[in-house]
Every structure is written in structure tokens, then in C-alpha cells.
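Reminder, nothing fancy here: chain letters follow the sequence lines and each chain counts from 1.
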Protein chains: 2
Amino acid sequence: MSTIGFHSHNHDQCIADTLSTADAHCAEEGLQFTPVRRRVLEILLAEHKAMGAYDILPTLADEGLGSQPPVVYRALDFLVKNGLAHRIELLNAYIACAHLGRAHRPAFLICRECKLVAEADAELARGRLGEAAREAGFTIERMVVELEGLCPACAA
Amino acid sequence: MSTIGFHSHNHDQCIADTLSTADAHCAEEGLQFTPVRRRVLEILLAEHKAMGAYDILPTLADEGLGSQPPVVYRALDFLVKNGLAHRIELLNAYIACAHLGRAHRPAFLICRECKLVAEADAELARGRLGEAAREAGFTIERMVVELEGLCPACAA
DNA sequence: AGAGAGTCCGTTATAACATATCAATCCCGG
DNA sequence: CCGGGATTGATATGTTATAACGGACTCTCT
Ligand SMILES: [Zn+2]
Ligand SMILES: [Zn+2]
Ligand SMILES: [Zn+2]
Ligand SMILES: [Zn+2]
């Protein structure tokens, strides 16, 4: 799994691909990909950066899609629950999933300088830590792995 | 490194040891371990659970040690900066360090049922994930590893 | 002693993030 | 057409965190 986000790429294509994959996924699963939900995903997709709920809200409001916090939080809950977006705990913010369609346990690389967020694979972290948890009798239900630091561009 | 928190242990001793280690550490480093700061650490030490700033505040207020949010946040910042406590991002809460004095990169096992938090070693997670970050050109400055699940007692 | 710097603390106000609740609407199968 | 489930609208509130300013104390240098 690559760490999309720090690599330069055709981002318009990246957006289009993700949206069509999301459409297909929701159709398959019988999920209602409503205008609010779709637009929130589009807004998140604009950049590979995390956005707070209150960053998203004004855009939604301008477009007449709802102007109160619950509207955006409900949409974000839907996206997160269905794997279309992820919540970044370190930032209290949300980001579109960069690996839509592929089952994955995300880990995040967060640049403290430019705020870009790349998505990597947390399975890579599980090995010995998973063993340690098992030895402690702990049942892992959710892993949060977030690495803060400097992306290649900002380190240079 | 053991995962203190889920094991039964002499907790009064656990508290006393940690406080005296903290006293010694602050003396060595020339840090001012003021009454507010010490009391906040004591409050955190009462249980191996994470507490929010606003859980701590009333106790402080009752004792005349400050009744406004900045008081407790400043104390928590001090404790976290100096390694005497850790912030749990998943819970927006704080916990006393269970491995005071030993250099460590903590990972947390958080029971969603009883809210106990155990501290394990995040180095265990670094191996292949660290490689992946390096390949992406990402410089890790801070790791947040938090595992939510069920502790042995609650799983039974 | 007095001036200046540094650190900590008290206080007010506000920012930022998130949810509870209830009513209205839409949509689809029976 | 009707009923139930999901979604949305709207108001209010709850929770977490910081900005900003001034006062108290201590230490140091002159
Ligand atoms: Zn892209
Ligand atoms: Zn960067
Ligand atoms: Zn620790
Ligand atoms: Zn438990």
C-alpha cells in the first residue's frame, strides 16, 4: 500500500476515481449516498488535508445543503462508518479515504508544517504490539496510529 | 515493559512510588513541581483511568487551588511536556505515566467498557511502519498509538 | 535597595469541537 | 393508501481548549 498524499499525482483523476468508486460502493451496499453526503466527500477530497467539521460547514451552507453542525456531523459519521473517510484524532478533523475499495486498517502520516496527511497501513504496526496486547489479555477492536512529523517537501 | 493497569497491584504503593520519582525527577531537572502541578498528578494517579481536564477541575477548586480551565490545562501541559503524564487523543483526556523515569514511547490499550488504560511500548509498533514512513520520506517526530478494545476483566 | 527578566497563577472571555432532542419530510414496500 | 425507517431541519446545549491581560513572586545584576 502506497502513502498517497505526499506524492505528486493527477489529483483531478484521483478525485474522479474516488467519487465513482464511492458511488459504486454505496450502490452495492444499498447505502443512500445523498447530496449532502456526496458533497461533504467532495469537499474533503479537494486536498489531501484533514478538515474540521466547521471548515466544511460554510461551503455546505453557501450551497443550501444545511447550515447547522448536526448536518455535517451526520454526513461525516456516515462517511466514516462506511469507510469513505477517516477521522484524525490528533487533529479533531476528517479526511477522505485514499484507499477506497481496498480493505485496510489505516495509519496516518501528518505533516505538522503543511498539514498534508498521507494514509499508510497500520497492519505494519501490528506485529509485536499485537502480541503484547494478547499477552495482556487485551482484545483489540480499533487501532489508532497517527504519526506527526515532516513530509519530504517540508523537510527539504 | 509491562502493561501496568490491567494487573492487580498494590496501588497505594504505585502512587507513592510515582510521586517520589516525580519529586526526584523535578528536583534533578530544576523543574518547579508546584502545589497545583503536584496535586493534578495525584488526582490522575488515583486510578489507572484517563481523566478529562474538566473532571479534574472541581477537585482543584474545592481545595482552593484554582477554579478556571487555564489552571488545569497549564498543569497538564507541564506534566505532559515533562513526561509525567500522557494525553490520550482518543478520549481527549489525560493519564499519569505508568513508567516514570524510564525512557519510553508509549502506546495505550484503552478498555471501552471500564475505561481502564494500560501503557505499553509503541516501539513494538515501529518496525515495518517506520520503514514505510522512511520510504515515503516522512520524518516521524511523534507517534500516537492507541488501541481501543476490551480488557481481560471486561472480556470475561 | 531598585530595576528588569522570568515564571507561575488568577481571571475573564471566547473559540473550537460535538451532541441531544424533537419535528418535518421523504421514500419504499405492503 | 398506509406505516415504518431513514434522512434532514432547527434549536439548544454540552464539552474541550485557548487567548489575553495583569498581579505576585523570585532571582539576578547593578
Ligand atoms: Zn489525490
Ligand atoms: Zn509538509
Ligand atoms: Zn508513560
Ligand atoms: Zn475493562
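- Atoms NE2 and CD1, on B:H48 and B:I15 in that order, are 7.5 Å from each other to the nearest 0.5 Å.
- The side chain of B:R37 has C:dC8 as its nearest neighbour among C:dC8, D:dA10, D:dA19.
- Mapped onto DNA chain C by nearest heavy atom, B:T34 and A:G52 fall at different nucleotides, with B:T34 at the one closer to the 5' end.
- Note: CG (B:L90) to C1' (D:dT16) measures 15 Å, nearest angstrom.
- Across D:dT18, C:dT11, C:dT19, the shortest atom-to-atom separation from the side chain of B:Y73 is found for D:dT18.
- When the P atom of C:dA20 is taken as reference, atom CD of A:Q68 falls 17 Å away, rounded to whole Å.
- With A:L19 as the fixed residue, the side chain to side chain contact (heavy atoms under 4.5 Å, CB included) test singles out one of A:L100, A:L41, A:L84: A:L41.
- At the phosphate of C:dG10, neither OP1 nor OP2 sits under 4.0 Å from any side-chain N or O atom of B:S67.
- Residue A:V72 is tested with A:L65, A:V36, A:L57 for a side chain to side chain contact (heavy atoms under 4.5 Å, CB included); the sole match is A:L57.
- The closest side-chain donor-acceptor pair between B:E123 and B:H104, if any, does not fall under 3.5 angstrom.
- If you take CG of B:L65 and P of C:dC9, they are 9 Å apart, rounded to a whole angstrom.
- Note: CG (B:L76) to C1' (D:dT18) measures 14 Å, nearest angstrom.
- Closest to the side chain of B:Q32, out of D:dT18, C:dA18, C:dT7, is C:dT7.
- Checking C:dA18, D:dA17, C:dA20 against the side-chain heavy atoms of B:Y94 singles out D:dA17 as nearest.
- For B:R39 and C:dC9, the CZ to P distance is 15 Å, given to the nearest whole Å.
- The nearest whole Å value for the distance from the CG atom in A:D77 to the C1' atom in D:dT7 is 13 Å.
- Ion pairing between a basic and an acidic side chain is recognised when a charged N comes within 4.0 Å of a carboxylate O; B:R39 and B:E42 show such pairing.
- Rounded to whole Å, atom P of D:dT8 lies 15 Å from atom CD of A:E63.
- Distances were taken from every side-chain heavy atom of A:R87 (C-beta onward) to each of C:dA18, D:dA19, C:dG10; the shortest belongs to C:dA18.
- In this structure, B:D55 atom CG and D:dG14 atom P are separated by 16 Å, rounded to whole Å.
- Looking at A:Y54, its side chain has no donor and acceptor atom pair within 3.5 Å of the base of C:dA15.
- Comparing atom distances between the B:R74 side chain and each of D:dT18, C:dC9, D:dA10 picks out C:dC9 as nearest.
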